[in-house]
Amino acid sequence: MEGPGPGQGTTPTNAEPTNAVKLLHLLFLSTFWGMQIWVTFVAGLVMRSRLPRHTYGFIQRELCPYYFHIGSTCAFLNLTLFAMYHPSELLSEEETTQIVVFFVCVAVSALNAQWFGQATSDIAADMHRIERGRGLGQEVGLFAGEACRELRASDPSYGQLARQLALYRAASALCNLCCIACNGFSLYYLAAHLSAL
C-alpha cells in the first residue's frame with residue numbers, strides 16, 4: 001500500500017467538515033455571541049442601574065476575567081476550525097474576509113483579556129479603596145454622585161485614577177464592541193451558507 005504522494009497530506013483541509021466539527025464551530029460562535037449580548041447589554045446595564053456601585057464593581061472584577069478568557073478561547077477555536085477546512089491557496093474573497101474577521105476577533109479579545117480588562121479591574125479596585133475610606137460607593141445608578149465628583153477635584157491621585165479608568169474602560173468597551181461586530185458578521189456568514197434549516 002502506498003502512502004500519500006507529494007502534496008497529498010492527511011489533514012482535513014480538502015475534506016468537507018464533519019457534522020461534529022460544524023457543531024463545535026456553531027457552539028463556539030454562539031457561546032461567545034450569547035455571552036457578549038448578555039454581559040454587555042443585559043447584565044451590564046441592568047445590574048449597573050440597580051446595584052450599589054461597589055457591589056457592581058466587585059461582580060465585574062470577579063466575572064469579567066472569565067468572560068474575556070472564555071471569549072478569546074472561543075474566538076481562537078473558531079479561527080482554528082475555519083482555517084483547518086479552508087486552505088489558504090483555495091480561499092475565495094468571502095472566505096478570506098471571514099478568516100480576517102476571525103483573526104481580528106481573536107486579537108482584540110486577547111488584548112482585552114490580557115491587558116485592558118485587567119487594568120480596568122485593578123484601577124477600579126484602587127478607586128474603591130479610596131472611596132470606602134471616604135464612605136462612598138453605596139450609591140445606586142449608572143453615574144457617580146456629587147461626592148465622587150468632589151473627590152476627583154480635591155484628590156489628585158483619585159482624579160488621575162478616574163481618568164485612567166475612563167481611558168481603559170473606553171478601550172475595553174471598543175474591543176468588546178469590535179468582537180460583537182465580528183461575531184455578528186460571522187453569524188451572518190454562517191447563516192448565508194446554510195442550505196436548509
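All values below come from the heavy atoms of this structure, side chains included, with hydrogens, waters and symmetry mates left out.
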### Message
Quiz question: by atom type and distance under 3.5 Å, do the side chains of Tyr168 and Gln164 form a donor-acceptor pair?
### Response
no

### Nearest heavy atoms of Pro17 and Val21, plus distance in Å
CB-CG1, 3.9 Å

### Message
With no hydrogens and no angle check, just 3.5 Å: does a side-chain donor-acceptor pair link Tyr188 and Asn183?
### Response
no

### Query
Less than 6.0 Å separating the ring centroids of Phe102 and His86?
no

### Query
Do Met47 and Met35 share a hydrophobic cluster (ILVMFWY, side-chain heavy atoms under 4.5 Å, transitive)?
no

#### Entry: Where Leu111 and Cys175 come nearest, the two heavy atoms and their spacing
CD2-SG, 4.2 Å

### Leu79/Ile99 under side-chain contact (heavy atoms from CB on, under 4.5 Å): CA gap, chis, key distance, verdict
CA-CA 7 Å; Leu79 172 62; Ile99 290 238; 4.3 Å; yes

### Message
Could you report the tightest heavy-atom contact between His128 and Arg53, atom names first, then the distance?
### Response
CE1-O, 4.2 Å

### Task
Following the transitive rule for hydrophobic clusters with a side-chain heavy-atom cut-off under 4.5 Å over Ile, Leu, Val, Met, Phe, Trp and Tyr, establish whether Met84 and Val106 coincide in one cluster.
yes

### Message
Check for me, please, whether Ile180 and Leu190 land in the same ILVMFWY cluster - side-chain distances under 4.5 Å, paths through other members count.
### Response
yes

### From Leu51 atom CG to Gln138 atom CD, the distance as rounded to the nearest 0.5 Å
10.5 Å

#### Entry: Candidate pair Cys179 and Phe32, rule side-chain contact (heavy atoms from CB on, under 4.5 Å), full reasoning
CA-CA 9 Å; Cys179 285; Phe32 194 12; 4.2 Å; yes

### Verdict with reasoning, Tyr67 to Gln36, per side-chain hydrogen bond (donor to acceptor under 3.5 Å, both in side chains)
CA-CA 8 Å; Tyr67 164 68; Gln36 288 173 313; 4.7 Å; no

### Query
Can you check side-chain contact (heavy atoms from CB on, under 4.5 Å) on Cys74 and Leu29, steps first, answer last?
CA-CA 7 Å; Cys74 287; Leu29 186 57; over 6 Å; no

### Task
Test side-chain contact (heavy atoms from CB on, under 4.5 Å) on His69 and Gln114 and set out the steps.
CA-CA 8 Å; His69 285 92; Gln114 295 300 317; 3.2 Å; yes

### Task
Look at the side-chain heavy atoms of Ile, Leu, Val, Met, Phe, Trp and Tyr, link any pair under 4.5 Å apart, and say whether Val108 and Ile70 land in one connected group.
no

### Message
What's the separation between atom OG1 in Thr97 and atom CD in Glu95, rounded to the nearest 0.5 Å?
### Response
10.0 Å

### Query
Would you call Asp155 and Arg134 a salt bridge, taking side-chain N to carboxylate O under 4.0 Å as the test?
yes

### Between CG on residue Leu91 and CD on residue Gln98, distance to nearest 0.5 Å
11.0 Å

### Query
Are Tyr66 and Ile59 joined in one hydrophobic group, where the rule is that I, L, V, M, F, W and Y side chains link up if heavy atoms are under 4.5 Å apart?
no

#### Entry: Residue pair Asn19 / Leu23, side-chain heavy-atom distance below 4.5 Å
no

### Query
What distance separates Leu26 CG from Leu81 CG, expressed to the nearest 0.5 Å?
11.5 Å

### Query
So, do Lys22 and Glu16 sit near enough that their side-chain heavy atoms are less than 4.5 Å apart?
yes

## Note on the structure
Phe68 and Ser172 have their tightest heavy-atom pair at CZ-OG, 3.6 Å

### Task
Report yes if some heavy atom in the side chain of Ser109 is under 4.5 Å from a heavy atom in the side chain of Asn112; otherwise report no.
no

#### Entry: Side-chain donor-acceptor pair present, Asn78, Ser186, cut-off under 3.5 Å
no

### Query
Out of curiosity, Thr80 OG1 to Leu24 CG, how far, rounded to the nearest 0.5 Å?
12.0 Å

### Query
So, do Tyr189 and His193 have ring centers that fall under 6.0 Å from each other?
yes

### Summary
Distance col, row Ile130:CD1 vs Arg152:CZ, nearest 0.5 angstrom, shows 12.0 Å

### Heavy-atom neighbours of Tyr158 OH exceed 12 at 6.0 Å
yes

### Task
Assess whether atom CZ of Phe185 is packed by more than 12 heavy atoms of other residues, nucleotides or ligands within 6.0 Å.
yes

### Query
Looking only at heavy atoms, what is the nearest atom pair of Arg61 and Ser121, with distance?
CD-O, 3.3 Å

### Query
If you take all heavy atoms of Ile123 and Leu161, which pair is closest and at what distance?
CG2-O, 3.4 Å

